[in-house]
Undergrad: 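Quick one: this structure, given as structure tokens, is what I'll be asking you about.
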Number of protein chains: 2
Amino acid sequence: MSAQQKHFEQHLSYALAAAHRTVSNSLSERLKKHGMKIEAWRVMECLDAGDRLTMGQLAEQALVNPSTLSKLVDRMVLDGLVHRKVAEGDHRQVNLLLTSLGRARMIRIRQEVDEQDQTLTSLLDADSLRQLRDVLSKLC
Amino acid sequence: MSAQQKHFEQHLSYALAAAHRTVSNSLSERLKKHGMKIEAWRVMECLDAGDRLTMGQLAEQALVNPSTLSKLVDRMVLDGLVHRKVAEGDHRQVNLLLTSLGRARMIRIRQEVDEQDQTLTSLLDADSLRQLRDVLSKLC
DNA sequence: TGAAATTACTTTCCAAGTCAAATAAATTGA
DNA sequence: TCAATTTATTTGACTTGGAAAGTAATTTCA
């Protein structure tokens with residue numbers, strides 16, 4: 001154990017960062033054609049999946065900080081992709097809703113993302129893939 | 001196949017982003033005590049591992065864009081952690097070198113990072129861990 | 001009830017990142 | 001040889017991100 005000199009590239013955090021970087025670079029390259037950022041796409045998918053999400057829930061699910069989300073949403077509202085609505089029960093909360101333009105954009109982009117996901121998963125056999133998902137989820 | 005409605009959280013890119021986010025958040029929390037950013041730490045480890053790295057090689061290994069690296073290095077030079085040296089053979093290239101202060105800081109930080117890596121890897125059994133590394137490296 | 005504490009979100013201010021252009025050195029080939 | 005091209009890095013204009021403060025609504029409990 002004391003003899004084991006660990007190279008920093010072997011740290012899990014490095015391996016993760018490297019894989020994340022290549023994958024998200026290639027994805028954002030694809031999304032660029034649609035003038036869309038990965039985070040904005042994730043926001044839209046979250047909205048499509050779960051109804052009446054608050055900014056807080058959204059930030060968590062879309063993997064962005066609340067204040068970052070707030071500004072991202074400002075831009076998305078300007079682009080007509082989403083709109084804010086004060087929540088019925090609790091007026092502190094804001095529900096974000098997809099516009100029909102937003103939904104349409106999302107559907108088109110979803111194809112692009114599915115393509116990239118298939119390219120990616122084709123690098124692995126079904127077994128590794130399942131295991132990878134399992135293991136990654138344990139880290140969260 | 002057509003019946004399979006895939007939730008976006010199942011995309012590999014999402015699982016990776018989520019895991020990367022939690023891991024790097026917890027790591028940067030630890031590094032904060034040392035007034036250090038993950039990227040700066042990676043730069044120092046790269047320098048320690050491979051000698052006479054150029055900015056280009058460094059950017060690749062430390063997982064940052066060249067222009068981002070250039071500015072990060074400006075700050076690290078101000079902090080006395082590294083210094084630039086025009087490469088001997090090719091005067092366009094710049095070799096970045098650790099100062100002794102930089103090396104000392106790196107060693108102390110390395111302990112912190114090793115700790116976090118152990119916490120992390122203890123969540124997994126040895127087999128999953130090996131497989132995880134294998135699979136992640138296939139994605140790069 | 002209502003003042004104090006908590007919660008949800010946004011804004012502000014500053015640090016850091018990105019893209020494209022600029023600089024400068026090396027290489028190519030007419 | 002030397003003008004044109006390529007390569008390595010930095011710079012500059014602009015955008016984005018994050019921490020902490022600010023705002024406003026809700027909850028707590030004396």
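Just so we're on the same page: letters track the sequence lines, and every chain starts at 1.
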Undergrad: So which of residues 42-67 of chain A are in contact with DNA chain D, with a heavy-atom cut-off of under 4.0 Å?
TA: Asn65(A), Ser67(A)

Undergrad: Using whole Å, what does the distance between atom P of nucleotide dA8(D) and atom CG of Leu69(B) come to?
TA: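 Whole-Å distance recorded here is 14 Å.
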
Undergrad: Closer than 4.0 angstrom, basic N to acidic O: yes or no for Asp117(A) and Arg110(A)?
TA: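 Salt bridge between Asp117(A) and Arg110(A), a charged N being under 4.0 Å from a carboxylate O: no.
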
Undergrad: If you check the Asp90(A) side chain, which of dA25(D), dA26(C), dT9(D) turns out closest?
TA: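 Of all the options, the side chain of Asp90(A) is nearest to dA25(D).
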
Undergrad: Can you name the closest pair of heavy atoms from Met44(B) and Met106(B) and give their distance?
TA: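 For Met44(B) versus Met106(B), the nearest heavy atoms are O-SD, 3.5 Å.
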
Undergrad: For Asp48(B), run the salt bridge (Lys or Arg N to Asp or Glu O under 4.0 Å) check against Arg103(B), Arg42(B), Arg105(B) and tell me which one passes.
TA: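 Single salt bridge (Lys or Arg N to Asp or Glu O under 4.0 Å) partner of Asp48(B) among Arg103(B), Arg42(B), Arg105(B): Arg103(B).
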
Undergrad: Distance only, no hydrogens: is a donor on one side chain within 3.5 Å (strictly under) of an acceptor on the other, for Gln116(B) and Ser26(B)?
TA: yes

Undergrad: Ignoring backbone atoms, test whether Lys37(B) places a side-chain nitrogen or oxygen under 4.0 Å from the OP1 or OP2 oxygen of dA16(C).
TA: yes

Undergrad: Figure out the NZ/P separation between Lys71(B) and dC14(C), and round it to whole Å.
TA: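 One finds 19 Å between P of dC14(C) and NZ of Lys71(B), rounded.
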
Undergrad: In residues 23-33 of chain A, what residues come within less than 4.0 Å of DNA chain D, judged by heavy atoms?
TA: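 Listed by number, there are none.
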
Undergrad: Measure from CD on Gln93(B) to P on dT10(D) and round the result to the nearest Å.
TA: 11 Å

Undergrad: Rounded to the Å, how far apart are Asp74(A) CG and dT16(D) P?
TA: 11 Å

Undergrad: Is there a side-chain contact between Val94(B) and Lys85(B) (heavy atoms, below 4.5 Å)?
TA: no

Undergrad: Rounded off to whole Å, could you give me the CD-to-P distance for the Glu39(A) and dG17(D) pair?
TA: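 Whole-Å distance recorded here is 6 Å.
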
Undergrad: Looking only at the side chain of Arg92(A) (C-beta and beyond, no hydrogens), which of the listed nucleotides dT11(D), dA25(D), dA16(C) gets closest?
TA: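 Closest of the options to the side chain of Arg92(A): dA25(D).
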
Undergrad: How many Å lie between CG on Asn95(B) and P on dA25(C), as a whole number?
TA: 16 Å

Undergrad: Does some side-chain heavy atom of Glu45(A) sit less than 4.5 Å from a side-chain heavy atom of Gln61(A)?
TA: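 No, their side chains stay 4.5 Å or more apart.
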
Undergrad: Rounding to a whole Å, what distance do you find between Lys85(B):NZ and dT9(D):C1'?
TA: 16 Å

Undergrad: Below the 4.0 Å mark, does dA8(D) have OP1 or OP2 next to a side-chain nitrogen or oxygen of Arg84(B)?
TA: no

Undergrad: Using atom CD1 of Ile38(B) as one end and atom P of dG17(D) as the other, report the distance to the nearest whole Å.
TA: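 These atoms are roughly 17 Å apart.
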
Undergrad: Backbone N or O of Val64(B) within a donor-acceptor pair of the Thr68(B) side chain at under 3.5 Å?
TA: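 Checking the backbone N and O of Val64(B) against the side chain of Thr68(B), no donor-acceptor pair under 3.5 Å is found.
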
Undergrad: Contact between Asp90(B) and Gln93(B) at the side-chain level, heavy atoms closer than 4.5 Å - yes or no?
TA: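 The answer is yes; the side chains approach within 4.5 Å.
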
Undergrad: Tell me whether the OP1 or OP2 atom of dT10(C) has a side-chain N or O from Ser70(A) closer than 4.0 Å.
TA: yes

Undergrad: Please check if any side-chain donor atom of Thr22(A) sits under 3.5 Å from a side-chain acceptor atom of Asn25(A), or the reverse.
TA: no

